[in-house]
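These notes concern the structure reproduced below.
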Number of protein chains: 2
Amino acid sequence: MVNYSTSEENHIKAIFHLQTHSGNVSTNELARELRTKPASVTDMMKKLRDKKLLHYQPYQGFRLSTEGKKVALGIVRRHRLWEYFLAEKLKFSWEEVHAVAEELEHVSSRKLIDKLDEYLGFPRFDPHGDPIPDTEGRIRYNPQICITALELNLPAQICHVSDQSKELLELLEHKQLRIGTKVEVKKKFDFDQSLELRIKTATKQTASVMISVQLAQNIFVKHV
Amino acid sequence: MVNYSTSEENHIKAIFHLQTHSGNVSTNELARELRTKPASVTDMMKKLRDKKLLHYQPYQGFRLSTEGKKVALGIVRRHRLWEYFLAEKLKFSWEEVHAVAEELEHVSSRKLIDKLDEYLGFPRFDPHGDPIPDTEGRIRYNPQICITALELNLPAQICHVSDQSKELLELLEHKQLRIGTKVEVKKKFDFDQSLELRIKTATKQTASVMISVQLAQNIFVKHV
DNA sequence: AAAATTATTTAGACAAATCTAAAAAATGAG
DNA sequence: CTCATTTTTTAGATTTGTCTAAATAATTTT
Ligand SMILES: [Mn+2]
Ligand SMILES: [Mn+2]
Ligand SMILES: [Mn+2]
Ligand SMILES: [Mn+2]
């Protein structure tokens, strides 16, 4: 087990997230994601290529190797376990956990993470509904659909949001929509594709909520 | 609130610990403590002096400024709270906590530490019996004496060990002596100053234990 | 297909943290 | 007090991670 620097780990994890959407990741794309400069990215890609963590041909973009993916899943595991700890045990709010986990994820003691996992009761999802890889780096996804595709009046539960910007989280918080919230779609408006939802609030009451397409496209649910 | 690098923090904390024993800390002393070279220490001392964290005149050694002590106490607070978390919640053994806390102490979110403190129930002592500074950096010591100075047959409780080497911790573990262990001195042997103790084990039974002067000098107790 | 634009890489610089080897200052033994 | 030893500092090099500016390659527009 080799250890990687904080900067190397941040690059590896960012590529991992970007490559699930696009195919090969480009220099500019990664530079934007990490708020760094393209020239710096090129330097780092050469280093990670030499360490056999990714495939990289000049001007062709890059993609993680099998080994690189394994390393990335380890970092993702640490990140999400810490997020769960912060939200569940220390009562951090949903939006606050990410920044702190971004630091904690680089403390790389294997024993620490496995004991933390055990202490937390082997949670399968982080506070944003993203799956937590197990010790071997395996992820088990649950079948989920975008709320825009949910049938009318079918009970479901919010399990994932695909964008985690402050702006989105603020809006969700305001509308009382969280991971785990029970929800049904009551009406779809053709004019602007907005949705009327009925939710069960934390206090067991039901409430009616209107959401825009822009918001709906980022909310994913599973049937209950 | 300025932030300091991991290396700066390690230097500041090491000086803090060394200066309680000696007066001014010397270049060689600090280099030995941090397993680095004297030349590197001189470089770092110049930097920390420029940041007003310590007083340093060439060839005269160094000592933390008031500001430097405040920073050091913050690091010590983080270190000991994490040690407590690791031992108490994650069931790490006594000897294992230090190395991991050495990394966690550099995650500097103020909110993280204060919430962790609250979650742990504001513990006053770490697993080695060392006091945990409060939010303001205040330490409250409890009156403690070396077990060699404890009166015969007076009930006391182990609250501190002054050396934390692997070798010492191994020996204490073997003799079932831990922080919190209830103990009385039954006899002092003049020949080699060894002590016969009677302890209450974890399983509420009492047992008799012999310890050498070398060991006794490192064990501190408070009356109960 | 040539020109314009955009993306990527290279070249060279810089700050941080470390090191080795050499110089300078302090200490202490006789 | 003087000289040998020890301690500390300086000088110069190295590694890592980053940047700016310039060069080059790829892509898109006309
Ligand atoms: Mn990170
Ligand atoms: Mn997350
Ligand atoms: Mn440390
Ligand atoms: Mn401790």
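We use all heavy atoms of the structure for the numbers below, so side chains are in, but hydrogens, waters and symmetry mates are not. Reminder, nothing fancy here: chain letters follow the sequence lines and each chain counts from 1.
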What is the distance from [atom1] of [X] to [atom2] of [N], rounded to the nearest Å?
X	N	atom1	atom2	value
A/N28	C/dA7	CG	C1'	6 Å
A/L48	D/dT16	CG	C1'	13 Å
B/M44	C/dC19	CE	P	11 Å
B/D43	C/dC19	CG	C1'	10 Å
B/L30	D/dT9	CG	C1'	15 Å
B/M45	D/dT8	CE	P	12 Å
A/E8	D/dT15	CD	P	15 Å
B/R35	C/dC19	CZ	P	13 Å

Is the B/Y84-B/Y119 ring centre distance short of 6.0 angstrom?
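Here the rings of B/Y119 and B/Y84 have centres that are no less than 6.0 Å from each other.
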Go through [options] for me and flag the one nearest to the [X] side chain.
X	options	result
A/S7	D/dT10, C/dT8, D/dT18	D/dT18
B/T42	D/dT18, D/dT9, C/dT9	D/dT9
A/Y56	C/dT18, D/dT8, C/dT9	C/dT9
B/S40	D/dT18, C/dT18, D/dA21	C/dT18
A/T36	D/dT18, C/dT18, C/dT8	D/dT18
A/Y59	C/dT9, D/dT18, D/dT8	C/dT9
A/K37	D/dC19, D/dT8, C/dT20	D/dC19
B/T27	D/dA25, D/dT8, C/dA21	D/dT8

Toward the 5' end of DNA chain D, which comes first, B/Q60 or A/A39, by nearest nucleotide?
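On the 5' side of the pair lies B/Q60.
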Give me the ring orientation class for A/H98 and A/H128: parallel if the planes are under 30° apart, tilted from 30 to 60°, perpendicular past 60°.
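Taking A/H128 first and then A/H98, their aromatic rings stand perpendicular (interplane angle over 60°).
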Using a heavy-atom cut-off of 4.0 Å across all strands, would you classify B/F62 as base, sugar-phosphate, or nothing?
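Here B/F62 touches no strand at all.
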NA contact type, A/P58, heavy-atom cut-off 4.0 Å: base, sugar-phosphate, or nothing?
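Result for A/P58 = sugar-phosphate.
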If we count only N and O atoms by modelled type, under 3.5 Å, do the side chains of B/S93 and B/E96 hold a donor and an acceptor together?
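Yes.
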N or O in side chain of A/K46 less than 4.0 angstrom from C/dT10 OP1/OP2:
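Affirmative; the distance criterion is met.
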Filter on salt bridge (charged side-chain N to carboxylate O under 4.0 Å, His left out), then keep only pairs touching residues 156-166 of chain A, sequence neighbours left out; what's left?
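Output for this query is empty, none listed.
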Please table the atom pairs, donor to acceptor, closer than 3.5 Å between any side-chain atom in residues 30-45 of chain B and protein atoms at least two apart or in another chain.
{"residue": "B/T42", "atom": "OG1", "partner": "B/P38", "partner atom": "O", "Å": "3.3"}

